[in-house]
Amino acid sequence: MRKRVFSGVQPTGNIHIGNYLGALRQFVQLQDENDCIYCIVDLHAITTPKDPRELREHILNVAALYMAVGIDPAKSTVFVQSDVPGHAELSWILMCNSYTGELSRMTQFKDKSRASESAGTGLFAYPVLMAADILLYDSDIVPVGNDQKQHIELTRDIAIRVNNKYGEDTFVVPEGRFLKEGARIMALDDPSAKMSKSAENELSRISLLDDEAKIKKAIMRATTDSDGEIRFDPENKPGVSNLLTIYGVFTGTSVAELEKNYAGQGYGALKKDLVEVTIESLRPIREKYAEICASGELPRILADGAEQAGAKAEQVIRRVKERFGLGSR
Ligand code: AMP
Ligand code: TRP
């Protein structure tokens with residue numbers, strides 16, 4: 001049976017190989033057998049201040065990268081979150097059904113707010129907007145990286161809570177989908193932190209559109225350790241293990257096989273090969289990206305996507321309003 005799949009990426013910077021290996025790769029795998037909706041979550045992006053011109057650029061950039069990695073708008077719905085008003089609407093209704101206590105426990109909020117009095121209310125409510133995104137489409141499956149586990153759990157808790165109060169079929173209770181390998185790619189300069197779009201050091205990440213010189217520099221300078229042995233051991237050798245994971249996922253080789261192939265060789269050899277592997281893996285994405293930008297089709301694809309998504313969202317909003325007794329009709 002075809003399932004409803006929903007996921008989103010924030011337009012906050014250039015998509016990196018962590019986003020790709022943990023999330024976008026799944027988006028593409030799922031689209032043949034399921035009814036997929038992929039969103040560019042711009043309302044999430046403004047939980048911290050954004051320059052309007054840069055935000056618009058990033059929205060279009062994420063949309064083009066969705067297509068460049070292989071999302072096909074003829075199979076999947078691709079749209080921008082704020083083009084469909086139901087996200088903000090449902091978000092308010094869910095906020096009235098979530099607790100400040102549970103939101104205070106979200107690690108992403110704790111990390112980003114650092115307990116500051118002036119942390120934005122939007123940052124606090126961020127996971128509720130994410131729950132609204134998912135529940136607005138009766139989603140069954142949500143493909144994401146490991147860092148979103150807590151938010152998916154919260155979404156399920158809210159859905160179950162509302163269903164208990166307003167009727168079992170108010171919301172579909174969704175499930176997260178996490179990959180075994182690649183669900184958490186670490187920063188190249190500091191393998192104790194996840195690779196992120198916003199880290200200050202450009203060499204901490206490889207973005208999908210990075211040129212060859214940048215890819216080479218970031219990998220050759222990646223932090224490893226001093227024992228010199230190529231072994232997969234994320235606890236004691238996080239840097240080398242991260243490189244092996246990236247290599248393994250890009251080439252479809254098991255980490256055990258890589259360990260065998262590189263037995264007795266130094267980190268330099270592994271890094272040099274990984275530079276080649278990464279360049280070759282990203283080349284088709286870069287080429288497709290240029291094609292899509294040149295085609296001028298993006299605005300039409302996003303307008304069609306918003307229309308399709310909007311029609312689906314409206315049905316759920318109508319159902320929820322009716323269950324809650326909202327409105328005059
Ligand atoms: P974001 O950039 O926060 O909008 O994330 C978009 C998607 O990429 C989400 O599904 C994240 O879980 C996933 N993701 C972000 N960073 C990483 C990472 N370092 N490793 C694996 N997946 C990631
Ligand atoms: N919070 C997600 C992230 O930072 C992005 C996101 C927003 C999302 N809404 C979503 C992911 C709905 C999946 C489903 O990566």
Side-chain angles (χ1 to χ4, degrees), residues 4-28 30 36-48 50 58-59 61-62 65-66 69 71 79-82 84 86-88 90-91 94 106-109 111-112 122-123 125-156 158-159 174-199 204-208 234 238 242 245-246 249 309 313:
R4 172 64 52 80
V5 173
F6 182 96
S7 195
V9 173
Q10 294 191 69
T12 46
N14 292 324
I15 292 186
H16 51 70
I17 56 172
N19 299 130
Y20 177 63
L21 298 176
L24 289 158
R25 195 162 55 103
Q26 301 197 63
F27 298 4
V28 180
L30 287 163
C36 298
I37 305 180
Y38 297 124
C39 187
I40 298 140
V41 291
D42 56 347
L43 294 172
H44 279 98
I46 61 164
T47 49
T48 56
K50 292 285 160 337
H58 284 144
I59 289 171
N61 170 267
V62 173
L65 276 170
Y66 270 175
V69 300
I71 294 171
F79 77 105
V80 180
Q81 186 184 33
S82 68
V84 175
H87 293 258
L90 184 57
S91 173
L94 298 184
M106 295 290 120
T107 51
Q108 185 173 308
F109 174 69
D111 288 350
K112 287 201 177 172
L123 200 58
Y126 176 109
V128 183
L129 177 59
M130 174 161 165
D133 297 341
I134 296 167
L135 301 179
L136 188 57
Y137 297 96
D138 289 336
S139 311
D140 301 298
I141 299 174
V142 186
V144 278
N146 273 355
D147 60 337
Q148 298 302 313
K149 268 200 171 132
Q150 209 185 19
H151 292 159
I152 302 285
E153 266 320 299
L154 178 79
T155 303
R156 291 170 54 86
I158 295 174
E175 271 178 42
R177 186 177 191 268
F178 310 94
L179 291 171
K180 250 206 313 273
E181 277 122 20
R184 190 170 170 81
I185 299 294
M186 310 311 286
L188 294 173
D189 63 333
D190 172 12
S192 68
K194 70 167 183 173
M195 185 177 287
S196 98
K197 293 190 199 118
S198 53
S204 67
R205 63 183 158 262
I206 293 172
S207 298
L208 299 189
N242 192 40
T245 299
I246 297 169
V249 181

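Below, each value reflects all heavy atoms present in this structure, side chains not excepted, and no hydrogens, waters or symmetry copies. Numbering of ligands and ligand atoms starts at 1, following listing order. For reference, positions follow the sequence shown, starting with 1.
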(request) Would you name the heavy atoms of M195 and I17 that are closest together and state the gap between them? (result) SD-CG1, 3.7 Å
(message) D147: which residues meet the side-chain contact (heavy atoms from CB on, under 4.5 Å) condition with it, sequence neighbours left out?
(response) R184, K194
(message) Which residue in the set L135, L136, I37 passes side-chain contact (heavy atoms from CB on, under 4.5 Å) when paired with F6?
(response) I37
Contact table, ligand 1 N/O with protein N/O, distance under 3.5 Å:
from: ligand 1; atom 1: 2 (O); to: N19; atom 2: ND2; distance (Å): 3.1
from: ligand 1; atom 1: 2 (O); to: K197; atom 2: NZ; distance (Å): 2.5
from: ligand 1; atom 1: 4 (O); to: Q10; atom 2: N; distance (Å): 2.9
from: ligand 1; atom 1: 4 (O); to: K197; atom 2: NZ; distance (Å): 3.4
from: ligand 1; atom 1: 5 (O); to: N19; atom 2: ND2; distance (Å): 3.4
from: ligand 1; atom 1: 8 (O); to: N19; atom 2: ND2; distance (Å): 3.1
from: ligand 1; atom 1: 10 (O); to: G145; atom 2: N; distance (Å): 3.2
from: ligand 1; atom 1: 12 (O); to: G145; atom 2: N; distance (Å): 2.8
from: ligand 1; atom 1: 12 (O); to: D147; atom 2: OD1; distance (Å): 2.4
from: ligand 1; atom 1: 19 (N); to: I185; atom 2: O; distance (Å): 2.8
from: ligand 1; atom 1: 19 (N); to: M195; atom 2: N; distance (Å): 3.4
from: ligand 1; atom 1: 19 (N); to: M195; atom 2: O; distance (Å): 3.0
from: ligand 1; atom 1: 20 (N); to: I185; atom 2: N; distance (Å): 2.8
from: ligand 1; atom 1: 22 (N); to: G18; atom 2: O; distance (Å): 3.1

(request) Taking the side chain as every heavy atom from C-beta outward, state whether E175 and I152 have any atom pair closer than 4.5 Å. (result) no
(request) May I ask you to check whether F109 and H151 place their ring centres under 6.0 Å from each other? (result) no
(request) Measure the shortest side-chain to side-chain distance between D133 and H44 over non-hydrogen atoms and say whether it is less than 4.5 angstrom. (result) yes
(message) With a 4.5 Å cut-off on side-chain heavy atoms, are N242 and I185 touching?
(response) yes
(message) Quick check: do V249 and Y20 have side-chain heavy atoms less than 4.5 Å from each other?
(response) no
(request) Quick one: which residue pairs count as a salt bridge (Lys or Arg N to Asp or Glu O under 4.0 Å) with a foot in residues 4-27, not counting sequence neighbours? (result) R4-D35
Return a table of N or O atom pairs, ligand 2 on one side and protein on the other, at distances under 3.5 Å, rounded to 0.1 Å.
from: ligand 2; atom 1: 1 (N); to: Y126; atom 2: OH; distance (Å): 2.7
from: ligand 2; atom 1: 1 (N); to: Q148; atom 2: OE1; distance (Å): 3.1
from: ligand 2; atom 1: 4 (O); to: Q10; atom 2: NE2; distance (Å): 3.2
from: ligand 2; atom 1: 4 (O); to: Y126; atom 2: OH; distance (Å): 2.9
from: ligand 2; atom 1: 4 (O); to: Q148; atom 2: NE2; distance (Å): 3.3
from: ligand 2; atom 1: 9 (N); to: D133; atom 2: OD2; distance (Å): 2.7
from: ligand 2; atom 1: 15 (O); to: Q148; atom 2: NE2; distance (Å): 3.3

